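Throughout, residue positions are numbered sequentially from 1 according to the sequence presented. No experiment lies behind these values; they were computed from the predicted model shown.
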Amino acid sequence: MSESGEMAPAARQSRRRRAIICASFVVLALLLLAAVAAIVLLAVLRPRDPTTELLSANATGAAPRVAFPTVSVQLNVTFLLAVRIRNPNPASFRYGEATTTLLYRGAPVGEAVVPAGTVPSRGATTMRLGMTVQADKVVAAAGIGGLLGDVVAGEMEFEARTDVKGRVTFLGFVKRSAQARSVCRIAIGVPDVKVRRQECHSEARL
């Protein structure tokens, strides 16, 4: 047998090993690329919290008056709120009809309906809400004594809570539920019915 004939099987085996090593490197590289792509995709598709912001708050009407000898409360106050919802996601945020509840001393005294809508990707939309304070519920929440105390102090503080539930859809088929809540505290003066303080913060959950 010639020397070249003896070397042929060894050469074939060496080429086979090199092919296996090259294939292993290719598979490893593909796996690494797939892992990186998955990480990037998860980062892109990870929804971020929609946020709410109180742009303005105004109050109109008449300050509370207590009539005697028959104890009765006359109150006519309407709040006009402008609340902006921001959507930081690269997909639109679609929400259903929601409710803004107005509270006085922790008890509901009025509400407004927030119509369903859509916030564009990385965009914002502004909601304008009008809520009238219901006098009987104010009295029930504070009692005559508590209401008189606020009137004498010259200030009444209310809280407006908005709970907006919706969905963010990525790539047309990946859907994630989202819920944005805002809590706004508004203090009005008595008897001028002017907004003296206002603050708002978001409570979002995904």
Side-chain angles (χ1 to χ4, degrees), residues 37-61 75-142 155-188 193 195-206:
I39 292 172
V40 172
L41 187 62
L42 288 174
V44 171
L45 297 184
R46 181 180 63 84
R48 288 183 287 172
D49 298 342
T51 59
T52 55
E53 177 187 2
L54 179 63
L55 298 179
S56 65
N58 294 292
T60 61
L75 176 64
N76 180 21
V77 176
T78 298
F79 285 97
L80 303 174
L81 308 179
V83 180
R84 180 163 56 196
I85 299 179
R86 287 188 177 277
N87 175 27
N89 296 288
S92 60
F93 170 56
R94 180 170 296 179
Y95 58 90
E97 186 176 272
T99 301
T100 293
T101 303
L102 186 69
L103 300 101
Y104 175 65
R105 295 196 173 209
V109 295
E111 67 177 26
V113 174
V114 178
T118 301
V119 185
S121 63
R122 296 190 174 93
T125 187
T126 300
M127 301 180 298
R128 302 189 184 279
L129 310 173
M131 291 179 290
T132 299
V133 178
Q134 300 177 31
D136 57 335
K137 293 186 177 181
V138 169
V139 175
E155 188 173 278
M156 298 177 68
E157 184 174 291
F158 294 85
E159 185 176 274
R161 289 182 170 268
T162 304
D163 191 354
V164 178
K165 297 179 181 179
R167 188 180 296 273
V168 179
T169 304
F170 297 96
L171 303 178
F173 65 92
V174 180
K175 298 181 179 181
R176 291 292 304 274
S177 297
Q179 182 175 355
R181 292 177 175 176
S182 68
V183 179
C184 302
R185 290 181 176 84
I186 307 161
I188 63 170
V193 196
V195 174
R196 294 185 177 178
R197 298 190 314 277
Q198 63 183 49
E199 61 175 338
C200 189
H201 66 272
S202 300
E203 299 175 353
R205 295 188 306 179
L206 288 163

A.B. asks: Do the side chains of Y95 and T125 get nearer than 4.5 Å, heavy atoms only?
C.D. replies: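 Answer yes - side chains close enough.
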A.B. asks: If you take all heavy atoms of A82 and T126, which pair is closest and at what distance?
C.D. replies: CB-CG2, 4.5 Å
A.B. asks: Do R86 and P50 make a side-chain contact, defined as non-hydrogen atoms from C-beta onward lying under 4.5 Å apart?
C.D. replies: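 Contact flag for R86/P50 side chains = no.
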A.B. asks: If you look at every heavy atom in T162 and V164, which pair is closest and at what distance?
C.D. replies: CG2-CG2, 3.7 Å
A.B. asks: Give the table of side-chain donor-acceptor pairs shorter than 3.5 Å for residues 128-140, with sequence neighbours excluded, one pair per line with atom names and distance.
C.D. replies:
residue	atom	partner	partner atom	Å
T132	OG1	T78	OG1	3.2
Q134	OE1	K137	NZ	3.4

A.B. asks: What's the shortest heavy-atom distance between Y104 and E157, and which atoms?
C.D. replies: CD1-O, 3.4 Å
A.B. asks: Could you pull out the closest heavy-atom pair between A160 and L81, with the gap in Å?
C.D. replies: CB-CD1, 3.9 Å
A.B. asks: To the nearest 0.5 Å, how far apart are CZ in R181 and CG in D163?
C.D. replies: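 The distance works out to 4.5 Å.
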A.B. asks: Please identify each residue that fulfils side chain to side chain donor-acceptor pair (under 3.5 Å) with E159, with sequence neighbours left out.
C.D. replies: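 Listed in chain order: R161, R185.
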A.B. asks: Hey, are the side chains of F79 and L102 touching, using non-hydrogen atoms and a 4.5 Å cut-off?
C.D. replies: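 F79 vs L102: side chains touch.
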A.B. asks: Please name the pair of heavy atoms, one in I186 and one in A57, separated by the smallest distance, quoted to 0.1 Å.
C.D. replies: CD1-CB, 4.2 Å
A.B. asks: Taking all heavy atoms of V195 and all of Q198, pick out the closest pair and write down the distance.
C.D. replies: CG1-OE1, 3.7 Å
A.B. asks: Taking the side chain as everything from C-beta on, heavy atoms only, tell me whether T60 gets closer than 4.5 Å to V193.
C.D. replies: no
A.B. asks: Would you call F158 and V109 a side-chain contact if the rule is heavy atoms closer than 4.5 Å?
C.D. replies: yes
A.B. asks: Is the shortest side-chain heavy-atom distance between C200 and S182 below 4.5 Å?
C.D. replies: yes
A.B. asks: Rounded to the nearest 0.5 Å, how far does CD1 of I85 lie from OG1 of T51?
C.D. replies: 9.0 Å
A.B. asks: Roughly how far, to the nearest 0.5 Å, is CG of N87 from CZ of R94?
C.D. replies: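 If we round to the nearest 0.5 Å, R94:CZ and N87:CG are 12.5 Å apart.
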A.B. asks: Given side chains that start at C-beta, do those of L55 and V83 come closer than 4.5 Å, heavy atoms only?
C.D. replies: no
A.B. asks: Around atom CZ of R84, are there more than 12 heavy atoms of other residues, nucleotides or ligands at under 6.0 Å?
C.D. replies: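 Yes - once you tally the heavy atoms of other residues, nucleotides and ligands closer than 6.0 Å, there are more than 12.
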